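Structure first, commentary second.
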There are 4 protein chains.
Amino acid sequence: MTDNQFGTLFGFTSFGESHGKAIGCVVDGVPPNLAVTEADIQPYLDRRKPGQNRFVTQRREADEVEILSGTFEGRTTGTPICLLIKNTDQRSKDYGEIAHQFRPGHADYTYLQKYGVRDYRGGGRSSARETAVRVAAGAIADIALKSILGDEYGIYASVVQIGTHQIDPANFDRTQIDQNPFFCGDAKAAKSWESYLDEIRKAGSSTGAIIEIVGNGIPAGLGQPLYGKLDAEIAAAMMSINAVKGVEIGGGFALSALDGAQAGDEMRMADGKVEFSSNHAGGILGGISSGQPVTARIAIKPTSSILTPRKSVDEAGNNVDVITKGRHDPCVGIRAVPVAEAMMACVLLDQLMRHHAQTGLLSSE
Amino acid sequence: MTDNQFGTLFGFTSFGESHGKAIGCVVDGVPPNLAVTEADIQPYLDRRKPGQNRFVTQRREADEVEILSGTFEGRTTGTPICLLIKNTDQRSKDYGEIAHQFRPGHADYTYLQKYGVRDYRGGGRSSARETAVRVAAGAIADIALKSILGDEYGIYASVVQIGTHQIDPANFDRTQIDQNPFFCGDAKAAKSWESYLDEIRKAGSSTGAIIEIVGNGIPAGLGQPLYGKLDAEIAAAMMSINAVKGVEIGGGFALSALDGAQAGDEMRMADGKVEFSSNHAGGILGGISSGQPVTARIAIKPTSSILTPRKSVDEAGNNVDVITKGRHDPCVGIRAVPVAEAMMACVLLDQLMRHHAQTGLLSSE
Amino acid sequence: MTDNQFGTLFGFTSFGESHGKAIGCVVDGVPPNLAVTEADIQPYLDRRKPGQNRFVTQRREADEVEILSGTFEGRTTGTPICLLIKNTDQRSKDYGEIAHQFRPGHADYTYLQKYGVRDYRGGGRSSARETAVRVAAGAIADIALKSILGDEYGIYASVVQIGTHQIDPANFDRTQIDQNPFFCGDAKAAKSWESYLDEIRKAGSSTGAIIEIVGNGIPAGLGQPLYGKLDAEIAAAMMSINAVKGVEIGGGFALSALDGAQAGDEMRMADGKVEFSSNHAGGILGGISSGQPVTARIAIKPTSSILTPRKSVDEAGNNVDVITKGRHDPCVGIRAVPVAEAMMACVLLDQLMRHHAQTGLLSSE
Amino acid sequence: MTDNQFGTLFGFTSFGESHGKAIGCVVDGVPPNLAVTEADIQPYLDRRKPGQNRFVTQRREADEVEILSGTFEGRTTGTPICLLIKNTDQRSKDYGEIAHQFRPGHADYTYLQKYGVRDYRGGGRSSARETAVRVAAGAIADIALKSILGDEYGIYASVVQIGTHQIDPANFDRTQIDQNPFFCGDAKAAKSWESYLDEIRKAGSSTGAIIEIVGNGIPAGLGQPLYGKLDAEIAAAMMSINAVKGVEIGGGFALSALDGAQAGDEMRMADGKVEFSSNHAGGILGGISSGQPVTARIAIKPTSSILTPRKSVDEAGNNVDVITKGRHDPCVGIRAVPVAEAMMACVLLDQLMRHHAQTGLLSSE
């Protein structure tokens, strides 16, 4: 497995840079006979698309997805699906002046250290623009999971904290998530975030966020313990998203401060089925899904590109002050919501297929 | 790549159950000509060994490692090294009475859901006993890294929080870590933890912990961005450890609440080298190491096995009260310290080899 | 690793169907700072291009390669290179009439059995058209190997048998390979093959071929024994090419009839270097290259599409007579020559990188 | 995936050297609830065991397999199964005198070139002794396939040529294979081979062989085309066996000399099922099984260790004459028969699982 690939059976290989000709991916291992057209994938991309409101970058990208292979007469054939998204709004002049400086908080320095060469246009390969291809790949995973698992299945991510402002969990209502510019399930919090973000945006600053991802209708049994655990693969998937610096499953870091009686989820039979009293485990025990909702939270650092001049160095070894002009998200955490959903969908479909391969051929009599 | 394997070029395949004949692993991709004997690996295992003080499980396991292959006259030959650790203190009677009950917080329920069969003796494959083989594999990685990177290199994990008790970072002194039963770098905190843990232990309860892992002397350039990022692989490695429910890199979740100017690490030249003003990034930018210390923190949930009766169900679908007798760690977080170090070492050596493969053959003139 | 991928560190993921919008691949793990432009890759594709003479299919495809990502200012950046080849001459009407019949010798039947759906246009994914992307990926491997290994390195494939007509090894001259339409190193044989192939072509029939591939200047030490052996990976690479039904290394099947004294290659020192008396091993011992030329031979079956009506069945379970019109190669073995070279180059670069990763970091004392 | 591993979902990681403490493997991805004990695996090993008659090496090895993990109460649990075979008859003194010489035809030279160090005892890791672990792993695959596919399933390998002596296909009778020391399906040929092999053995020489492997009862649809083709993976699996220098599928090299009408297998309906008129394709079309028997042939070179002195060099760069005493097989091809069956079983189970994963979750309505 080379390095720009994600997944074991269902997976994708991603390519493309921020200001190259196109970005895209090859989605492999797709179940055949699945109804998938560009029109099915586009809505997923539209949720992540820049320029939709004043709280996200004003870069203008249509983010139109094109299917180059792997479907026939509107159905998947089981062969690889190449998804292409052309870069239309490249405006490379924006970036010209910092071609040889290292923007603090960005990967400019480390890419050059690693490869000895870098595409400095808009961050090149390290740009969050690449996350569009994850969303496109995740769309196929999500469509497949819906077909396989039915209506109970659904993945829902939302922003639960922006900067220092958290939602009130009591107000959380899933149907609100798409009713505000923040993918926030607490309508009241979303309202208050508007002025908060406006301030940050006007100050040329930025802030971080915390996103919660919930997978409903996930059957028990997914996860390949040691070392393909469901939580380990979710952690890798989430941490691979640009600007993510932390991942928790279920109760996460807060569990460290509890005692064993508080932290464990008790079980009781109810209507012939096992019911858990709580979900501190985030739906995963020993690396395997329990049938409860799979829950994770991720921490997104503040956008590194801000208007304030920052101390840095250039390729020639001079001290410089870097000023990032460009068009940037005051909080990259917002547009990371559909990306987190996509990564979760990819992990779950891949795990479902691996689980089915090992346990679905031989009946346990 | 099958599922009980970890790593791409340097890696290991693990096997064994808590109360089977033995646990072990096959370490593959080891650089040849490395001086490694059982005596070199044993000290790593001894740090994780149960029964060393009253704050960890009193199970008596010698955890003696035996090398079955892959070395010749005290040196690695580049062929796979099988490391075997026999289980000596199995006492399977301890577990007999809960053979058909699901212990809350454990993987009993999910293993049965997944496989339709389970080895109920001491948690079988899901037991934290398996982490001994990670420590053994990690020992080889650590020895290799020392040979390659020299004296600047070192991985140091320590407990920074037990239950609600945090260390005072100002007191942190790396040389203290092995001077107390808690792998704690703050001698004063360690002292106070004794009575705290004694209370928990005597109450038959348990508590969680937070561990910090620091990798020093790691060269810039490690990490295979999209999707073999250094932070993504550290996240997976850490989350794969039993009882871990969260992973952060550098500033982690706390970064979400900062603004961009606070969160980014500025750079300046100093003595001809790049120096960072801070390390919120945890030594990783864009998935690639920057040359700063690589830092991560992990959250460990409280030991699920406690003396308090817990509500649960059994395999037949009856409600039961589960009482775990056995011999358990009041805080599994403590013995996870050498395990976290081992996983970090495995990730770093694997990444170093992959980096060298791609960039070490063709000079950039 | 998903299934439409080839390679471990250096590799590619392929996509596309015969009559879809495009075929292409994403080449991953490419060493950075390598000078590669479309103009460097195109000549490799031109050698495989259809329609160049009367002995190959008259389908008209420009096979123009486009680089979508992974290079910057004419150099590789170490990030994935997407290579796109648009399908221009699709003429899908040629295939319409056999949309629901299974062409004998083709994959029509097995694709439908496997996936329950198939793209019947020109064989869809199973078409040899896909081999163009291997040639494009192999071009990058070849360019990288030349940069790393220098002038001694070179991969040369040639047709050594067409139907029942073999070359005379005594006449073999490598410089002749590109001087005739058959990639044949024996000018005299090539001349005689013209009338032979003309007969077959006019009869609407087809024939098979044997190709020999030689890799010169390959250093000793490549190959990851058990199970990433150099010969095992060459075998897989070659057998994955359309219509290939056999692979031999060095002496191959003929060695079975020899005795041990004849078959082993003896060694002697010459000018301070080890010299072998012969190369029955094909440059590979124990799965590792010996420094001798790496040699392999592959058997190509006759083109399955012939004008003679063939007995078959259709999707509805009726007996039918299949007549393949279309435009086909009388001997697909000819255009397989650049494909075999490409696959060899990909295997060698990948193995070189893996070898370097394991043995290049730690000096042997 | 590290290099001493075989397989994607079902697979094994092998370890051990000819004269180390033990050889063994960790078998991963095994379907749970499969009845497997040491007594089930041992008969497979007994067929490959040395010392059983005068035509194979007289080394005395019990080759007793021990299961260290992964089963519980006689059934697989879905967790990794470690299979251990201790080396008992090591007699390292036999090999002492050639510790620093390179035996022609062996991997002594290439291992030293690669690793800079080698275990010279009996060929170390490159010894055919390692094939015992493949047989043990293959036993589990075979047992699983029988449980899944039922009585129609069976893999049968046999020697069809020893040196220049071929069987008469007309005499072939599968039930004869285990009735003679050569795994030969032609009883008459087997009889004549006795004196032939006796001569070779007494002369201290050796000879090669060709083995045919047939898989019956393999459902259509196995194979992950491009690049996980069934034939490509069989080719790699077979070529990875010690001393194998060639692999053919179905008609193999002979197909190259045929014309298209002869080489293609025609189809007709018979009793509502598709029947093929012949099986030149070896049961594989486009990399996917067709439901016909899967057939392959492999070429084994003559045993390299012979009594005749051979020209070689030593580690110090001196010309030497190597005389191999030891106890060797006059024809290693014989004992390769159970090994070839094992590798075929491993490939088929792995492919079956991958096929089921992709196509078994979503019904094609």
Side-chain angles (χ1 to χ4, degrees), chain B residues 1-34 66-73 75-84 86-87 111-112 114-121 124-126 130 350 353, chain D residues 1-34 66-73 75-84 86-87 111-112 114-121 124-126 130 350 353:
Chain B
M1 170 153 155
T2 62
D3 280 300
N4 285 268
Q5 196 186 20
F6 183 85
T8 297
L9 290 188
F10 172 86
F12 61 92
T13 306
S14 143
F15 64 87
E17 286 87 30
S18 176
H19 286 63
K21 288 188 183 175
I23 57 175
C25 63
V26 185
V27 186
D28 204 356
V30 184
N33 271 303
L34 188 70
E66 192 180 354
I67 295 177
L68 294 186
S69 65
T71 66
F72 184 59
E73 299 178 343
R75 290 191 168 264
T76 58
T77 60
T79 64
I81 299 176
C82 181
L83 300 172
L84 196 74
K86 285 182 186 133
N87 290 329
Y111 267 68
L112 192 66
K114 181 177 189 68
Y115 297 117
V117 55
R118 71 185 174 103
D119 179 347
Y120 51 72
R121 301 166 303 164
R125 178 78 180 145
S126 72
E130 188 269 349
D350 189 28
M353 287 169 64
Chain D
M1 172 154 153
T2 61
D3 281 300
N4 284 268
Q5 196 185 20
F6 183 84
T8 296
L9 290 188
F10 172 86
F12 61 91
T13 305
S14 144
F15 63 87
E17 286 87 31
S18 176
H19 286 62
K21 288 188 182 176
I23 56 175
C25 63
V26 184
V27 187
D28 204 357
V30 184
N33 271 303
L34 189 70
E66 192 180 354
I67 295 177
L68 293 187
S69 66
T71 66
F72 183 59
E73 298 178 346
R75 290 190 170 265
T76 58
T77 60
T79 62
I81 299 177
C82 181
L83 300 172
L84 196 74
K86 287 185 184 128
N87 290 328
Y111 267 68
L112 192 66
K114 181 177 189 68
Y115 297 117
V117 55
R118 71 186 173 101
D119 179 347
Y120 52 71
R121 300 167 302 164
R125 179 77 180 144
S126 72
E130 188 269 350
D350 189 30
M353 288 168 65

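This structure is a prediction, so every number in the text was calculated from the model and none was measured. Chain identifiers are assigned alphabetically (A, B, ...) following the order of the sequence lines, protein sequences preceding nucleic acid strands; residue numbering begins at 1 within each chain. Every heavy atom of this structure was used, including side-chain atoms; hydrogens, water molecules and symmetry mates were not.
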Query raised in the report: How far does CZ of D:Phe12 sit from OG1 of B:Thr13, to the nearest 0.5 angstrom?
Result: 11.5 Å
Query raised in the report: Just by modelled atom types, is the D:Asp28 backbone N or O under 3.5 Å from a matching donor or acceptor in the B:Asn4 side chain?
Result: no
Query raised in the report: By a 4.5 Å heavy-atom criterion (distance strictly below it), what part of D:Phe72 contacts chain B: side chain, backbone, both, or neither?
Result: side chain
Query raised in the report: Closest approach of D:Phe15 and B:Cys82, non-hydrogen atoms and distance?
Result: CD1-CB, 3.4 Å
Query raised in the report: Pick from B:Glu73, B:Arg118, B:Lys86: which one has the most heavy-atom pairs with chain D under 4.5 Å?
Result: B:Arg118
Query raised in the report: Counting N and O atoms only, with roles assigned by atom type, does the side chain of D:Asn33 sit under 3.5 Å from a partner on the main chain of B:Tyr115, one being a donor and the other an acceptor?
Result: yes
Requested in this report: Work out which heavy atom in D:Val26 is nearest to a heavy atom in B:Ser14; give both atom names and the distance.
Outcome: CG1-O, 4.2 Å
**Report entry** Proximity breakdown for D:Arg125 and chain B, heavy-atom pairs closer than 4.5 Å
**Finding:** side chain
Report task. Would you mind reporting whether D:Leu68 and B:Leu84 have side-chain heavy atoms less than 4.5 Å apart? Result -> yes
Query raised in the report: With chain B, which of D:Asp119, D:Thr77, D:Asp350 has the greatest number of heavy-atom pairs at distances under 4.5 Å?
Result: D:Asp119
